[in-house]
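Numbered from 1 within each chain, the chains take letters A, B, ... in sequence-line order.
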Amino acid sequence: MTKSSLPSLNALRVFATVAREQSFKKAATELGVTQSAISRQINTLEEQLGMRLLQRDNRVHALTATGQLLAPELLRMFEQLQELINKATSSEAANARLLKIGISNELLRWWLGPLLKEFYAIYPHLELEFVALPEYSSSQNAEYLKQLLTQDQLDAVLIMGQLSGRHLQATNLGDTELLFCSTRLESALKSDNAVYSIRESNDWQDWSRIHSPPAHTKTKATDNTAMALDLISLQGGSLLLPSHYRKLLKDAPLKNNSDLNASGSASLRLYTARHKEHELAVIAFSNWLQHVAKRG
DNA sequence: GCCACTTTACACCCTTGGTT
DNA sequence: AACCAAGGGTGTAAAGTGGC
């Protein structure tokens, strides 16, 4: 029998019920349909199988040999199926939970935030709560971030850079390109304007290795991208914008000089505690993020 | 006559495939 | 992407059949 010619689950369920009750009428009552529907399901099933399953005239007398072979196995399978459904539906309630996510304001505003509607449409039983973190991992904050995860204060951390530890599970969500952006299209390297980068990142070092800026180039470190954006909008200048915020170029008065872009070493990563790697909510969030990151 | 089941006609919903 | 028609699956109501 090919896959496409498999009888419908409903027809098999009807047959199993009739076999157990030895009556179309009782089966109809149990399944909440008319006895006519039962009759037709049995007929269709027998036609599909090419043989009779019930010996009957205007009464059900007995199961045929084929019916005797099928009925006990089907009844057992439907019992197992019911158990599985009970288990799945009760665990859905258990899995309806709050996920605490550590993330920077920048990543939330310019990357994850606009995608959340899609997440909630797929996983309506999950709720996300956000806790503000730095944009980049560094030697100063690494231990603190690890503790947040291993001591269950957060379920996941979204951050640029690396956290190491055997109790952590890392998922790479894509390498970062540093977009050289200025308030004006001209290259800031030829003017007096400074280039802003984030203090905790290696962005300036990564960028300098590729573009070897002149020694007189002014650089300024800021705490985060939002601060760098505010400063260059007030004072002019350039910044190294992580490519995850690419959509921002449409909204902010920024121009990207693609000749001066460079690849950064700090990838965007999702970190979770290893003891939570089998939790359905964590798996769902992680899988969805990977899907979103892949799509770009 | 009642009961259990079959047959037939018809309706509704969903999927699929073609068209715009 | 939106629309439409065809076809399949599933349901009901009602009439018919035959045993008890």
Side-chain angles (χ1 to χ4, degrees), chain A residues 1-93 95-96 109-126 128 173-174 243-251 280 283-296:
Chain A
M1 185 178 285
T2 62
K3 190 182 171 188
S4 61
S5 65
L6 269 176
S8 76
L9 190 65
N10 197 31
L12 293 171
R13 185 176 66 125
V14 166
F15 167 66
T17 309
V18 169
R20 189 180 67 231
E21 299 297 332
Q22 295 286 299
S23 159
F24 277 32
K25 190 177 185 181
K26 285 180 184 170
T29 305
E30 184 175 325
L31 296 173
V33 294
T34 62
Q35 62 191 45
S36 168
I38 300 289
S39 170
R40 222 167 48 165
Q41 289 283 3
I42 296 291
N43 266 326
T44 307
L45 181 60
E46 287 176 334
E47 270 174 34
Q48 277 186 297
L49 298 176
M51 52 187 68
R52 299 283 273 181
L53 298 170
L54 296 161
Q55 286 173 2
R56 62 190 188 279
D57 36 41
N58 61 343
R59 294 279 191 286
V60 174
H61 292 302
L63 297 169
T64 62
T66 312
Q68 284 175 29
L69 190 72
L70 272 178
E73 283 302 303
L74 284 174
L75 283 166
R76 187 180 58 78
M77 286 177 189
F78 278 109
E79 273 174 26
Q80 284 180 344
L81 192 58
Q82 188 61 58
E83 275 176 31
L84 177 66
I85 288 164
N86 291 345
K87 200 173 165 184
T89 49
S90 62
S91 69
E92 188 184 344
N95 291 327
R109 266 172 71 186
W110 299 320
W111 183 67
L112 185 61
L115 300 166
L116 286 179
K117 200 174 167 188
E118 184 186 324
F119 177 82
Y120 287 126
I122 303 170
Y123 302 105
H125 60 292
L126 296 182
L128 303 181
L173 297 174
S243 51
H244 297 98
Y245 310 146
R246 195 183 294 274
K247 286 175 189 161
L248 184 60
L249 289 171
K250 286 182 192 161
D251 308 326
L280 293 181
I283 294 169
F285 185 63
S286 170
N287 286 349
W288 176 76
L289 276 181
Q290 287 177 68
H291 167 72
V292 163
K294 212 172 186 177
R295 202 177 57 193

[X] has an atom [atom1]; how far is it from atom [atom2] of [N], in whole Å?
X: A:Leu45; N: B:dT6; atom1: CG; atom2: P; value: 13 Å
X: A:Ile42; N: C:dT10; atom1: CD1; atom2: C1'; value: 14 Å
X: A:Glu46; N: B:dC5; atom1: CD; atom2: P; value: 13 Å

Under the ring-ring contact (aromatic ring centres under 6.0 Å, His included) test, which residues partner A:Phe119, sequence neighbours left out?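 For A:Phe119, the residues satisfying ring-ring contact (aromatic ring centres under 6.0 Å, His included) (neighbours in sequence not counted) are A:Tyr123, A:Phe285, A:Trp288.
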Ignoring backbone atoms, establish whether A:Gln41 has a side-chain N or O less than 4.0 Å from OP1 or OP2 of C:dG9.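 Looking at the OP1 and OP2 atoms of C:dG9, neither is under 4.0 Å from any side-chain N or O of A:Gln41.
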Can you find a side-chain donor-acceptor pair between A:Thr64 and A:Gln68 that sits under 3.5 Å?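 No, no side-chain donor-acceptor contact under 3.5 Å.
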SB check A:Arg76 A:Glu73 (cutoff 4.0 Å):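 A salt bridge links A:Arg76 with A:Glu73.
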